Amino acid sequence: MQAWQIALTNTAGISSFLSLWAFILSYGFKQLNSLLCKAASWIMSIGFIALTLAIIIRGIEAQRFPLSNLYESILWFAWSVMGSYLALAKFYNIKQFGSLACMLALTMFLYGSWLPLSQHEISPLVPALVSYWRQIHIPPLIISYALFFVSGLAAFAQLFYSGRIVSLCIMALTVILAASAIGLGTYSSVESYILQILFVGSSVIGSYLGFKNTNKEMPRFVNKNQASLYEDITYRCVTVGFPLLTFGIITGGLWANHAWGTYWSWDPKESMALATWLSYAAFIHLKIHRECKNNTLSIVAIIGLLVTMLTYLGFNSLGFGGLHSYGRFKDM
Amino acid sequence: MTIKSNYLNQYKNIFGKLFKTNVFASVKLTIFLMSTLTGIILIGAWCPQKSQVGMEKVTEQFGEQNALFLDKLGITDIFHSNFFLTVIALLTINMIACSMQRVFPKYKLYKKPLLFFNAKQISKMPYVEMGEFSGITPVQAIDRLKIYLEKKFYKVNVNGQQLNAQGGKISKFAASVTHVGLLSLLFGVTITSWTGFSGIEPVGIGQDLDFSGSEHANYWFGHLPNFKVRLNSTSKESYASGQVKQWYSNLSVIDNTGKVVQNQTISVNEPLSYHGVDVYQSNWGLNSAQISFNGNKRKLMLRPMGAIWAAFLPIEADTILIMSFKNEKEPLKLFAKREEWSAPKLITQIPLHGSVNLGSVKVTYDKINPVSGLQYKSDPGLPIVYFAFGFIILGVMMATLPYSELYVCIDNSEDENKKIIIGGICPKAPSQFKNLLNLLLNSLPESSKIGQNNKSTQSNLASSLISQ
């Protein structure tokens, strides 16, 4: 059964790789564009089904709900990214946006596959995780994080189609630097404080420069319809992710109250989830306020992605402590 | 008029002005406060909080000098700092002001019917489609659009050749419901803070938990219970690998007459509840062991060493005897450690109540004393907090639906080709809304779009529609 689970997980990883290439090729071969995009979506669908089965089989093998450590959460995250792209593609004509979704899923597969073997193995649960609350509290959070990532990617597309290439490049570099800090924190022994400075420094400076350059437009990239479409997708992903995050935080509070007698203890992971919630609450208020330009909103959505990245992966790799240390695999 | 009433009027004027100028009911202020709060919370997550893990942890992480500096700045206890509490207070005032001025008054709009607009008015809306169709009468066309929109869960009203429709109406009240939830949450938390109590105590077998060491707020109106909780037994369950699986404690609730009124075995995630007080299994450990040396009983205090507990007995200048205990059931392991040895050497194992002879000394393992870490709390505001949680979840779920208003007007000319204008607003999902407008136009027979992306043609068409 373990062999099946590994084979299906690998199938999902390979599918996202092939799908990414099909999307990339569709940019080059204009005549085959539609066919290649369709093929890429089909390959992604196969990967999604394979990953669904892999997660189910892992659950059967472990005889518990398969979401208890970082590796398992990454499988869920990749599953959510693939699922949300396929769902979005049903409602919107977003063909080549799939390349970004595939790249994200593939990055997560690679990140997961390079984790220590102890993470891949099915391990018993610590006392605090032996509860039905685990399956109520964690999946909505992981799905919401995935949706916020997709929302951030749609914000990049919005910046591209509104001709804000300078802002786009700055924010892309910011996300790459922040992701590098997390990657280094996971696979190397670089001091935590250096990684924290890299993550926070790049995020703060990048966001400032990103905001500052939102007015610089390159007209040849402008496509108002596409910009409006991706603005729509950015907001829709947030409006679906936000209730899931709220549900996840609240059920976490209920679980904590059930297990530890307090629904809030300012634990670092709790605090960061609340910071993510406040970031997206601010994003929603900005959107409702209507005085904020769409390009500025896209930068805010990318900042949201950075905060989500910090909450989801930065917690383990950048040296935060607290009660939610189940996903940790390195001694701090 | 008295001096007192003059003062009252002055105060009324000041508050009236404050609210009239929307100082606190500003969404910009909300966004600023939320961003500030996010920053503070991230700093609080980054720096270990001394109220949770102690100042030692901060010193260990940042070094003594840096830790003192952070402490001076108030970062080591940021969630109790005046700055944080001020931001929370401002956000609360902002939320109340926004709720009163902007959010709650929206309920008045719920029953207010949408107006019917003419072509000129529709043409000024953010999203507009104009076109022509033929083969059916305007009334039939309106009927067809009505059916189409109702299938998409729109609430549709028709007035001759005009139509208006609302979609996702419930989402207009999402903010109200969420704000009610958030305000209730603050209310519930305040009640708990003023009337509840909490604490954690290590309790040995046969000892009582009497809540006397509980913590509560400075302004406290609550009272401590008049019952006690006795620990009858406690145990640890492990996986085959040695990793902890669960901790258990058998507890009895004893009332003020000494009568046992409840008995329950608790574990992590399975607390005991009695008269509004909850007792939780928080942690578990071995406190001390009783060992006899040639019949002389000695109580040895144990130190936690990862997954085991140990006692250290120096027996010679360079030799230490180490007694290691895994849990309350398994035998103790006796090790010796000399300076020249790289690791302790296992000498023997002694089961509970068993003995071994070490030279001329008979060592007997008499007793082990486990200790159960029991956490307790009384939370009278909890029902309100749960109610608030429900409202917040409901509110944010309602907000996922995009609200939209849609208006249609068809000309009543005798021409075979009838002109139609469809427009509306949908701030949350404009792209999908534009698609809907297209689909509506395409649902009519022999329809064609006119003046797409051409404002002057659209304006001419609007004028021709208006003139009719």
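Chain A is the first sequence line, chain B the second, and so forth, proteins listed ahead of strands; every chain is numbered from 1. Heavy atoms only: backbone and side chains are in, while hydrogens, waters and symmetry mates are out. These numbers were taken from a predicted model, which means no experiment stands behind them.
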Distance from [X] atom [atom1] to [Y] atom [atom2], nearest 0.5 Å?
{"X": "A:Ser192", "Y": "B:Trp46", "atom1": "OG", "atom2": "CH2", "value": "12.0 Å"}
{"X": "B:Asp278", "Y": "A:Thr262", "atom1": "CG", "atom2": "OG1", "value": "11.5 Å"}
{"X": "B:Ser35", "Y": "A:Ile303", "atom1": "OG", "atom2": "CD1", "value": "9.0 Å"}
{"X": "B:Ile393", "Y": "A:Leu244", "atom1": "CD1", "atom2": "CG", "value": "10.5 Å"}
{"X": "A:Tyr193", "Y": "B:Asn66", "atom1": "OH", "atom2": "CG", "value": "10.5 Å"}

Within 6.0 Å of [atom1] in [X], more than 12 heavy atoms from elsewhere:
{"X": "B:Phe32", "atom1": "CZ", "answer": "no"}
{"X": "B:Tyr239", "atom1": "OH", "answer": "yes"}
{"X": "B:Met397", "atom1": "CE", "answer": "no"}
{"X": "B:Ile170", "atom1": "CD1", "answer": "no"}

Would you say that [X] contacts [Y] through its side chain, given a criterion of any heavy-atom pair below 4.5 Å between the two side chains?
{"X": "A:Ser279", "Y": "B:Met34", "answer": "no"}
{"X": "B:Lys428", "Y": "A:Lys287", "answer": "no"}
{"X": "B:Tyr386", "Y": "A:Leu254", "answer": "yes"}
{"X": "B:Asp379", "Y": "A:Tyr263", "answer": "yes"}
{"X": "A:Leu310", "Y": "B:Leu42", "answer": "yes"}
{"X": "B:Val268", "Y": "A:Val130", "answer": "no"}

Let me know if [X] has heavy atoms under 4.5 Å from chain A in its side chain, its backbone, both or neither.
{"X": "B:Thr192", "value": "side chain"}
{"X": "B:Ile266", "value": "neither"}
{"X": "B:Val385", "value": "side chain"}
{"X": "B:Lys434", "value": "side chain"}
{"X": "B:Gln375", "value": "side chain"}
{"X": "B:Pro430", "value": "both"}
{"X": "B:Phe79", "value": "side chain"}
{"X": "B:Phe62", "value": "neither"}

### Pick from B:Leu37, B:Ile41, B:Thr30, B:Ile40 with the largest number of heavy-atom pairs that fall under 4.5 Å of chain A
B:Ile41
### Query
Taking every heavy-atom pair that is under 4.5 Å apart, which of B:Lys28, B:Gln49, B:Lys57, B:Glu237 has the most such pairs with chain A?
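So the answer, after comparing B:Lys28, B:Gln49, B:Lys57, B:Glu237, is B:Lys28.
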### Task
Determine, stepwise, if the pair B:Asn269 / A:Trp255 fulfils side chain to side chain contact (heavy atoms under 4.5 Å, CB included).
CA-CA 8 Å; B:Asn269 286 313; A:Trp255 185 6; 2.8 Å; yes
### Query
How about B:Phe84 and A:Trp266: are their ring centres within less than 6.0 Å of each other?
yes
### Task
Take B:Gln432 and A:Tyr92 through the test side chain to side chain contact (heavy atoms under 4.5 Å, CB included) and record every step on the way to the result.
CA-CA 8 Å; B:Gln432 266 190 323; A:Tyr92 298 94; 3.6 Å; yes
### Task
With a 4.5 angstrom heavy-atom cut-off, could you sort out which part of A:Tyr235 is near chain B: side chain, backbone, both or neither?
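Side chain only.
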### Query
Quick one: what part of A:Asn257 sits under 4.5 Å from any heavy atom of chain B, side chain, backbone, both or neither?
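Interface part for A:Asn257: both.
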### Minimum heavy-atom distance A:Asp232-B:Ala429, with the two atoms named
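In this case the closest contact between A:Asp232 and B:Ala429 is OD1-CA, 3.0 Å.
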### Query
What closest approach, in Å, do B:Val27 and A:His285 show between heavy atoms, and which atom pair accounts for it?
CG1-O, 4.0 Å
### Query
Hey, mind stepping through B:Ser431 and A:Arg236 against side chain to side chain contact (heavy atoms under 4.5 Å, CB included) and telling me if it holds?
CA-CA 11 Å; B:Ser431 180; A:Arg236 295 300 289 157; over 6 Å; no
